[in-house]
Every structure is written in structure tokens, then in C-alpha cells.
Novice: 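This is the structure, below, for whatever I ask next.
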Amino acid sequence: MSSNIEITRVCEQCKDDFVAKTTTTRFCSHRCNNAAYKQRLKEIKMSQSNVETAIIKITPVLETMMKAYYTIEDLSQIFGMSKRTFYRIIERGELPSAKLGGKTFVKKEAIEDLFKKEK
């Protein structure tokens, strides 16, 4: 069934005016349609890549947070503070710790208790 209507539209890709024969036509030509399709595919791939990158970045932090004991390096990564800051907190006696094999360890419960005291 052919249509006798003529509607002036603006192409979504090149922004030129064109005469459409249907009310659902979005592009002036097959070339603009293909360009828009490729752009949509590119945006989908980019968003998928961004999600994968975010997952890769957050995975080590989540794995660290699942531990029962934290090293000073772990605490520094989780809270985004310097290692020296945590050593100062330990030296003031605000955070109980233990040294084992040259590393300083802090219980997860001790960190949680530190935040409970701040209320």
C-alpha cells in the first residue's frame, strides 16, 4: 500500500530537511540511517566497556573489605587515606593492632568499633 502523503521532516543524523512519505521516517537516506546505526552500536560498546572497567576497579576493594583482618595498605585503599594517617591513629591508641611478620594488622571489628565511638 503506497502513501500519497508528504511530510517535511528533519533528518536525525545530518539535520537536513527532507520530504518523508510516512509519519515514522527518521532519516533522509539509507546512508544517514546506517551512520546512526553505527553510532548507536558504538555508544553501546562504549557503555559496556565503561561498566567492565568499573567492575575491574571495584573488585579489589570489595575483596579487601571481605577480609577479617586488614593491613595498613588495605585500610589505605578502602578509606582513601595515607598509610601514615593510620599509623598515627594506632600510635595514639585509638585503634588496636598487632604486628605479625613485619606487617601491622587491624581487626575488622576494631574499625567498626572506631566508627561506633564517633557517634
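FYI, the numbering just counts along the sequence from 1.
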Novice: What pair of heavy atoms forms the shortest contact from V10 to D17, and how long is it?
Specialist: CG2-OD1, 3.4 Å
Novice: How many angstroms lie between atom CD of E6 and atom CZ of F18, to the nearest 0.5 angstrom?
Specialist: 12.5 Å
Novice: Compute the centroid of each ring, for F115 and then for F79, and state whether the two points are separated by less than 6.0 Å.
Specialist: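 Distance test on ring centres: under 6.0 Å, yes.
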Novice: So which heavy atom on E12 is nearest to which on F27, and how close?
Specialist: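 Where E12 meets F27 most closely, the heavy atoms are CB-CE2, 3.8 Å.
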Novice: Just wondering, do T104 and Y87 contact through their side chains at under 4.5 Å, heavy atoms?
Specialist: yes
Novice: Does T25 reach the side chain of I7, with side-chain heavy atoms less than 4.5 Å apart?
Specialist: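 A side-chain contact is absent here, since even the closest heavy-atom pair is not under 4.5 Å.
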Novice: Is there side-chain contact between D74 and K67, with at least one heavy-atom pair below 4.5 Å?
Specialist: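 Heavy-atom side-chain distance check passes, below 4.5 Å.
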Novice: May I ask you to decide whether R92 forms a salt bridge with E94, counting only side-chain N to carboxylate O separations under 4.0 Å?
Specialist: yes
Novice: So do the side chains of Q77 and P60 get within less than 4.5 Å of each other, counting heavy atoms only?
Specialist: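 Result yes, sub-4.5 Å side-chain heavy-atom pair found.
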Novice: Measure the OG-CD distance between S29 and Q13 for me, rounded to the nearest 0.5 Å.
Specialist: 9.0 Å
Novice: Set out, in order, the CA-CA distance, both residues' side-chain angles and the distance that settles side-chain contact (heavy atoms from CB on, under 4.5 Å) for S82 and S76, then state yes or no.
Specialist: CA-CA 6 Å; S82 72; S76 178; 5.6 Å; no
Novice: Check the surroundings of atom CZ in R88: do more than 12 heavy atoms from other residues, nucleotides or ligands lie under 6.0 Å from it?
Specialist: yes
Novice: Once rounded to the nearest 0.5 Å, what's the spacing between atom CG of N33 and atom CZ of R26?
Specialist: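 It comes to 8.0 Å.
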Novice: Between Y70 and I111, what is the shortest heavy-atom contact and its length?
Specialist: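 Result for this residue pair: CD1-CG1, 4.1 Å.
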Novice: Go through it in stages, so that I can follow the logic: the residues are Y69 and V106, the test is side-chain contact (heavy atoms from CB on, under 4.5 Å), and I'd like the CA-CA distance, side-chain angles, deciding distance and then a yes or no.
Specialist: CA-CA 6 Å; Y69 294 92; V106 177; over 6 Å; no
Novice: How long is the gap from CD1 on I44 to OG on S49, to the nearest 0.5 Å?
Specialist: 13.5 Å
Novice: Transitively linked via ILVMFWY side-chain contacts under 4.5 Å: I78 with I89?
Specialist: yes
Novice: Check this for me, if you would: do K38 and E43 make a salt bridge, where the nitrogen-to-carboxylate-oxygen distance has to be below 4.0 angstrom?
Specialist: no
Novice: Please name all residues satisfying side chain to side chain donor-acceptor pair (under 3.5 Å) with E112, sequence neighbours left out, ordered by chain then number.
Specialist: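 For E112, no residue satisfies side chain to side chain donor-acceptor pair (under 3.5 Å) once neighbours in sequence are set aside.
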Novice: Considering only heavy atoms from C-beta outward, does the side chain of N34 approach that of H30 to under 4.5 Å?
Specialist: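 They are in contact (side-chain heavy atoms under 4.5 Å apart), so the answer is yes.
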Novice: How far apart are the closest heavy atoms of L62 and M66, and which atoms are they?
Specialist: O-CG, 3.1 Å
Novice: Sequence neighbours excluded, which residues qualify as side chain to side chain donor-acceptor pair (under 3.5 Å) partners of K108?
Specialist: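 With neighbours one apart ignored, the set is empty.
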Novice: What closest approach, in Å, do T59 and I55 show between heavy atoms, and which atom pair accounts for it?
Specialist: OG1-O, 2.5 Å
Novice: Can you find a pair of side-chain heavy atoms, one from I90 and one from I72, that are under 4.5 Å apart?
Specialist: yes
Novice: So which heavy atom on C14 is nearest to which on C32, and how close?
Specialist: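 Answer, listing the atom of C14 first, then C32: SG-SG, 3.7 Å.
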Novice: If you round to the nearest 0.5 Å, how far is CG of L75 from NZ of K83?
Specialist: 11.5 Å
